[in-house]
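Here's the structure, in structure tokens; my notes come after.
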Amino acid sequence: MKLTAQEKAMFDGAQGPAVQKAMDLLVRYGRALGAERLVETNNVVASVSATTPFMRDFARQNGGMDAVFSQFSLDSDEVVKIPKIKAFTTHTQLGFDPEQAARMGVDEEAVHFFRKGEAFTTGLGIQATNTCTPYQVGNIPTRGEHCAWMESSAVVYCNSVLGARTNTEGRESVGAAMLTGRIPYWGYHLDENRLGTHLIEVATPIESTADWGLLGYWIGDKVQEKVPVVTGIGKTPNLARLKHFGASASSSGGVEMYHIVGITPEAMTLEQAFGQRKPTEVFRFDAREKQGILDKLNSTGKDTKVDYVMLGCPHYSMEQLWELTQLIEGRQVHPDCELWIFTPRSTKALCDQNGFTRIIEAAGGHILSDSCSAMSRAMPKGTRVVAMDSAKQTHYLPAILGVQAWFGSTADCVEAACTGRWQGGLK
Ligand code: F3S
């Protein structure tokens, strides 16, 4: 791999042992990927937390968070002192919300450790945004900017909607990226890998956020990790619709980049989306396909008595919370059901300021931050049946927690929360 003089100096240890180990890791990683060089990045989304019992024990036995970072972010058995980061970095979601630990079944000792870990993290200069939607809370790279992001739903949004460039990185590569400001130059950093491969012709109206989630889920299933190009969309989707679309396409498949002709920045025309290529396959999404994919998504849903309604996967935006307040104000969550909504912590602060928290709590719902049920494996006690407006969470939760799951619109979910019954379906 070719290194610049500055990279070579980091590799040789001129900036200390942590940076040396980071550069060594990037070189090994880049070689394995076939990358010829590194690229500069000043935008990282990372996880450096230690929220599992195993990691907490590891920290205790080996000298704290420097040891955790050395081992799990730099692949180093030797504990090195971690310096301040070089690249702007925001933290991805975590294992629980420290403000709602009791509700999530997390003990005090874990919260205490969390706070120590967060002091270490912010001390390095990492922003404690703690969300899978960094682009909703201030981390918004520009078109063409090279990034190093974790979290599949964030990665697909970064590439497709923002036109910035990232692969789906892991804890180690982002750890090394934040200390060096470098990441291997391969995959979606390169123009040719960003071109479309499959054409998707949409032949049924796609309007609600749930429609976008279903379309994404169907497309991911069809194209797997390839780059779909979508045509036939009439109405320009908002942030929440594109967020749900990408999150579901990266769940049923491994989509990291998509184009919507006339809407996303690298697909103003069909020709631009495909470059000189022809689509390898063409798929058509119509009303029958839409019903079919809904049935597939709801295949675990048997009982209509709903114990838990989970909203906020990916983390809810301010607009979605505003919509929710309109649906729920003056209503009451059923005594046999719980409603939890997940959002970034800074959005939760805005909810507090704007009276949204008061409206939602008056109805019996709870706003949580930093995590989600899939990440935390936390649900209200005794939950058997969950209703959600996220195709991604509906895909994962039955497998992770063994529950039945229903997918529908946000309005369907609010209805389920207030009646304790699932009555959703395509309208
Ligand atoms: Fe975010 Fe959890 Fe969904 S981390 S994308 S809310 S599975």
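All ligand and atom numbering here is 1-based and tracks the order in the structure. In this text, all values refer to a predicted model and were calculated from it rather than measured experimentally.
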For E108, does the CD atom sit with more than 12 other heavy atoms under 6.0 Å from it, leaving out its own atoms? no
Minimum heavy-atom distance between A87 and T41, given as atom pair plus value: CB-O, 3.6 Å
Where does the angle between the aromatic ring planes of Y29 and W186 fall among parallel (under 30°), tilted (30 to 60°) and perpendicular (over 60°)? perpendicular
Could you enumerate the protein N, O or S atoms under 2.8 Å from atom 3 (Fe) of ligand 1, written like residue then atom name? C313 SG
Are any non-hydrogen side-chain atoms of S251 and S152 less than 4.5 angstrom apart? no
Between D221 and K296, does at least one N-O distance fall below 4.0 Å, as a salt bridge requires? yes
What's the shortest heavy-atom distance between L242 and P237, and which atoms? CD2-CG, 3.5 Å
